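Reminder, nothing fancy here: chain letters follow the sequence lines and each chain counts from 1. Remember, predicted model here, so these are calculated numbers, not experimental data.
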2 protein chains.
Amino acid sequence: MSSGDDDQLVRFADMLSAMGTEPRLRIIRRLLAAHPNGMVVGEIGADLDIAPSTLSHHLEKLRNEGLATVRREGAFLRYAANHDALQELLAFLYAECCTRNKVVKPETVTCC
Amino acid sequence: MSSGDDDQLVRFADMLSAMGTEPRLRIIRRLLAAHPNGMVVGEIGADLDIAPSTLSHHLEKLRNEGLATVRREGAFLRYAANHDALQELLAFLYAECCTRNKVVKPETVTCC
DNA sequence: TCGGTAATTCTGCATATATCGAAATAGTGG
DNA sequence: CCACTATTTCGATATATGCAGAATTACCGA
């Protein structure tokens with residue numbers, strides 16, 4: 001169980017790292033704003049002015065860390081923010097940050 | 001104001017990045033568990049088994065991004081998690097993640 | 001099947017980060 | 001002032017990341 005906790009911690013660290021870059025945080029924010037419809041890659045790129053290959057790498061990272069999901073829509077790929085992953089991450093942060101201080105119970109965090 | 005928003009976003013990205021590494025997330029978690037007393041550097045290092053110079057770099061990063069504070073205590077340096085910064089970050093994430101979906105109001109986030 | 005558009009993968013480069021031993025600095029107690 | 005401990009800074013290396021032009025693959029409509 002200790003190693004399970006470790007795995008979780010590493011996973012959350014990876015998620016935080018994936019969000020910890022200006023372009024990617026901007027992408028996530030944009031996807032959240034467009035939720036639940038999501039956005040097509042070209043639309044994101046045009047909106048945030050990111051070169052296609054660069055954008056592709058960023059989206060790949062977000063996908064890999066489970067922060068975004070894709071589905072093909074004909075010639076387009078539509079990306080959406082992943083709900084569940086974000087909720088897990090926020091719940092983790094709240095648990096670590098709040099439960100131990102007994103300020104707010106994580107149960108009140110029913111979000112996303 | 002748009003550039004102010006940008007600055008904020010960049011700042012949050014930096015904070016997320018600072019947490020987005022296994023050793024540092026572990027450090028933060030440890031500091032939160034020890035809150036509000038904080039911990040002395042050597043104590044953290046012994047606890048998490050991190051080489052002094054490596055640890056020093058990680059702590060510097062956490063300090064720089066405002067996630068941790070230090071104060072000298074004789075020969076020791078005592079680090080503590082920074083409350084306000086973490087709360088700001090969580091509030092930001094909740095705002096982005098929740099307000100736009102109108103699932104939970106960020107006002108309910110009165111944590112840390 | 002062909003031409004056009006969408007998106008990714010390949011390639012290369014520049015920069016940033018993680019790591020840690022060794023040396024330097026800050027502080028304490030005798 | 002000196003020996004001792006705590007922590008940081010220095011130096012060096014390995015690895016990861018960000019970026020973007022060019023080539024490639026995937027899909028659509030005709």
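The separation between A/Leu77 atom CG and D/dT25 atom C1' is 12 Å, rounded to whole Å. The nearest whole Å value for the distance from the CE atom in B/Met39 to the P atom in D/dA6 is 14 Å. Nucleotide D/dT17 holds its C1' atom 12 Å from the CD atom of A/Glu60, rounded to whole Å. The interatomic distance linking A/Leu59 (CG) with D/dA20 (C1') rounds to 15 Å, in whole Å. Spacing between atom CG of A/Leu55 and atom C1' of C/dT8 amounts to 11 Å, rounded to whole angstrom units. When the C1' atom of C/dT9 is taken as reference, atom NZ of A/Lys61 falls 17 Å away, rounded to whole Å. Rounded to a whole Å, the CZ atom of B/Phe76 is 12 Å from the C1' atom of C/dG29. Separating the CD1 atom of B/Ile50 from the P atom of D/dA6 is a distance of 17 Å, rounded to the nearest angstrom.
Under 4.0 angstrom from either OP1 or OP2 of D/dT7 there lies no side-chain N or O belonging to B/Ser56. Here A/Ser53 does not reach the OP1 or OP2 of C/dC10: none of its side-chain N or O atoms lies under 4.0 Å away. Taking only side-chain nitrogens and oxygens, B/Arg24 never comes nearer than 4.0 Å to OP1 or OP2 of C/dT17. A sub-4.0 Å separation between OP1 or OP2 of C/dT8 and a side-chain N or O of A/Tyr79 is present. Contact annotation: A/Arg72 does not reach the phosphate of D/dA26 (side-chain N/O to OP1 or OP2, under 4.0 Å).
Counting only heavy atoms from C-beta on, A/Val41 has its side chain closest to C/dT8 among C/dT8, D/dT8, C/dT19. Considering only side-chain atoms of B/Ala51, the nucleotide from C/dA18, D/dC27, C/dC20 that sits closest is C/dC20.
A salt bridge links B/Arg11 and B/Glu88; the closest N-O separation between the charged side-chain nitrogens and carboxylate oxygens is under 4.0 Å. The residues B/Arg26 and B/Glu22 are annotated as salt-bridged, a charged nitrogen and a carboxylate oxygen being separated by less than 4.0 angstrom.
Side-chain contact between B/Ile50 and B/Ile44: absent, with no pair of heavy atoms (C-beta onward) separated by less than 4.5 Å.
No more than 12 heavy atoms of other residues, nucleotides or ligands sit less than 6.0 Å from atom CG of B/Asp49.
Using a 4.0 Å heavy-atom criterion, one finds that A/His57 contacts the bases of the nucleic acid, with or without backbone contacts as well.
Between the side chains of B/Arg63 and B/Tyr79, at least one donor N or O lies within less than 3.5 Å of an accepting N or O.
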